[in-house]
Amino acid sequence: MPERYRKQLVRMISQHAHSEIVGMLPEGNWITRAPSLKRKVGLLAKVQDEAGHGLYLYAAAETLGVDRQELVDALLSGAAKYSSIFNYPTLSWADIGAIGWLVDGAAIINQTTLAKTSYGPYARAMLRICGEENFHKRQGFEILATLSAGTPEQHAMAQDAVDRWWWPTLMMFGPPDEESPNTAELMRWNVKPKPNDELRSRFIDLAVPQAQAMGLTLPDPELRFDEESGHWRTGGIDWEEFRRVIRGGGPMNRERLAARRRAHEEGRWVRQAAEAYAAKRAAAKAPR
Ligand code: BYC
């Protein structure tokens, strides 16, 4: 395996794993305040799924000869990136709907193509993750559709969430192709089967009619259907905001890293106990 291929895969898979784990925080914030038992159960299951996705992805990265602790340290020190989207706050219950519909919806588009990536352990993790993400997207859509069809206050809450999450979701697909330093190399090796802009456009084409079906508008006065290409076209994306967020200057970057560092510290005794138990079992099995 060429060293550069390995390095690129470690970068991409580990950042993906970090995104899943940090991505538990914005939604986890609403578990205690879900509006009904049914919603609470659904949200708990979703957040738990994201932890599982992080686990499959760290395990896939480990097949490339890296140590998981090394990867976690890179996240906690701020050296490794995770998806920009998780640096925005969840201000109302409708945000849980918007995350499921938009953020998981965007992730599915990206991950369905990654299921055909040239590195088997990553591709196989994607297959399983995509199945679960489909459930996430549907529960988000259903939350938003219910709110949108509810009282005027509930409708306004759904619209406000979509207004805040739409543009950051479009940024999830990464910078425009001409400003994406990794795309050409990753596509040559079929690590990344499709470029950023093509996936972003595919997502927009799916999201626009879904927003219309829910009676919600997308916060873009320049959004229009281009008859010639057969695709929806948006107004300009604020790439300055994207760069600021991935440099650590988003509204929630500090809180997200602080929460992960705290969880890591508070979980130290669990890791130690698990290691002690594993060592004890191994010793008991060893031939005397
Ligand atoms: N945020 O050359 P480019 C989920 C960085 S979680 C932050 O285009 P590449 C969920 C990029 O890393 C699913 N950074 O990069 C979980 C690079 O910097 P470095 C998350 C970004 O790799 C919980 C630089 O910008 N999905 O679904 O060719 C709850 C230049 O970019 C971002 C994945 O992780 C960004 N948005 O393409 C709910 C998918 N975009 O590393 C839901 C896996 C770019 O050189 N990853 N950067 O310092 C990928 O598909 C690709 O890595 C990307 C970027 C499309 C994200």
Side-chain angles (χ1 to χ4, degrees), residues 7-30 43 45-54 56-57 60-61 74-75 78-88 90 95-117 119 122-123 125-126 129-130 132-137 139-140 165 167-189 191-200 203 237 239 241-250 253 256:
K7 277 211 157 115
Q8 277 282 38
L9 275 171
V10 170
R11 177 188 69 85
M12 205 166 138
I13 301 175
S14 62
Q15 292 185 2
H16 195 163
H18 301 330
S19 304
E20 301 283 355
I21 299 299
V22 177
M24 295 165 74
L25 297 168
E27 291 175 285
N29 179 35
W30 278 89
L43 182 58
K46 178 184 191 303
V47 173
Q48 192 172 311
D49 283 353
E50 310 299 357
H53 298 174
Y56 318 149
L57 287 162
L75 169 69
K81 291 192 172 73
Y82 58 86
S83 184
S84 50
I85 193 74
F86 302 117
N87 292 306
Y88 293 85
T90 37
D95 288 29
I96 302 305
I99 291 181
W101 174 50
L102 291 173
V103 176
D104 286 272
I108 293 170
I109 302 282
N110 168 282
Q111 291 171 170
T112 308
T113 68
L114 287 177
K116 298 191 183 75
T117 186
Y119 189 59
Y122 194 20
M126 285 299 104
I129 290 176
C130 284
E132 294 175 355
E133 300 283 35
N134 270 316
F135 154 71
H136 298 170
K137 183 188 167 185
Q139 67 90 40
W165 288 91
W167 291 107
T169 301
L170 299 188
M171 295 174 195
M172 276 177 78
F173 293 92
D177 295 342
E178 62 278 12
E179 291 167 31
S180 163
N182 298 298
T183 294
E185 187 178 42
L186 293 177
M187 287 189 65
R188 198 163 60 243
W189 289 326
V191 168
K192 186 169 162 175
K194 298 281 178 199
N196 301 352
D197 286 332
E198 185 178 328
L199 295 182
R200 189 171 8 253
F203 168 75
I237 296 173
W239 292 112
E241 173 178 324
F242 170 75
R243 285 188 285 271
R244 191 168 61 243
V245 172
I246 67 172
R247 278 197 307 263
N253 292 63
R256 298 295 182 235

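Just so you know, ligand 1 is whichever comes first in the structure, and atom 1 is the first atom listed for that ligand.
The shortest non-hydrogen separation linking P26 to I96 is O-CD1, 4.4 Å. Of all the heavy atoms in A125 and Y56, the pair that sits closest is CB-CB, 4.1 Å.
Distance alone, capped at 3.5 Å, is enough to place a donor-acceptor pair between the D177 side chain and the N196 backbone. One N or O on the side chain of R256 and one on the backbone of F86 form a donor-acceptor pair closer than 3.5 Å.
In this model, a donor atom of one side chain and an acceptor atom of the other lie less than 3.5 Å apart for N87 and Y82.
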Pairs under 3.5 angstrom, nitrogen or oxygen on both sides, ligand 1 versus protein: list them out, please.
from: ligand 1; atom 1: 1 (N); to: S84; atom 2: N; distance (Å): 2.8
from: ligand 1; atom 1: 1 (N); to: S84; atom 2: OG; distance (Å): 3.3
from: ligand 1; atom 1: 2 (O); to: S180; atom 2: OG; distance (Å): 3.0
from: ligand 1; atom 1: 2 (O); to: P181; atom 2: N; distance (Å): 3.3
from: ligand 1; atom 1: 2 (O); to: N182; atom 2: N; distance (Å): 3.0
from: ligand 1; atom 1: 2 (O); to: N182; atom 2: ND2; distance (Å): 3.0
from: ligand 1; atom 1: 8 (O); to: S180; atom 2: OG; distance (Å): 2.7
from: ligand 1; atom 1: 8 (O); to: N196; atom 2: ND2; distance (Å): 2.9
from: ligand 1; atom 1: 12 (O); to: R11; atom 2: NH1; distance (Å): 3.3
from: ligand 1; atom 1: 12 (O); to: Q15; atom 2: OE1; distance (Å): 3.0
from: ligand 1; atom 1: 15 (O); to: N182; atom 2: ND2; distance (Å): 3.4
from: ligand 1; atom 1: 18 (O); to: K81; atom 2: NZ; distance (Å): 3.3
from: ligand 1; atom 1: 22 (O); to: R11; atom 2: NH1; distance (Å): 3.2
from: ligand 1; atom 1: 22 (O); to: R11; atom 2: NH2; distance (Å): 2.8
from: ligand 1; atom 1: 27 (O); to: E133; atom 2: OE2; distance (Å): 3.4
from: ligand 1; atom 1: 28 (O); to: K192; atom 2: NZ; distance (Å): 2.6
from: ligand 1; atom 1: 36 (N); to: S84; atom 2: OG; distance (Å): 3.1
from: ligand 1; atom 1: 36 (N); to: M171; atom 2: O; distance (Å): 3.4
from: ligand 1; atom 1: 36 (N); to: M172; atom 2: O; distance (Å): 3.2
from: ligand 1; atom 1: 37 (O); to: K192; atom 2: NZ; distance (Å): 3.0
from: ligand 1; atom 1: 41 (O); to: R11; atom 2: NH1; distance (Å): 2.8
from: ligand 1; atom 1: 41 (O); to: Q15; atom 2: NE2; distance (Å): 3.1
from: ligand 1; atom 1: 45 (O); to: N182; atom 2: ND2; distance (Å): 3.3
from: ligand 1; atom 1: 48 (O); to: K81; atom 2: NZ; distance (Å): 2.5
from: ligand 1; atom 1: 50 (O); to: N110; atom 2: ND2; distance (Å): 2.9

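Ion pairing between a basic and an acidic side chain is recognised when a charged N comes within 4.0 Å of a carboxylate O; E50 and K46 show such pairing.
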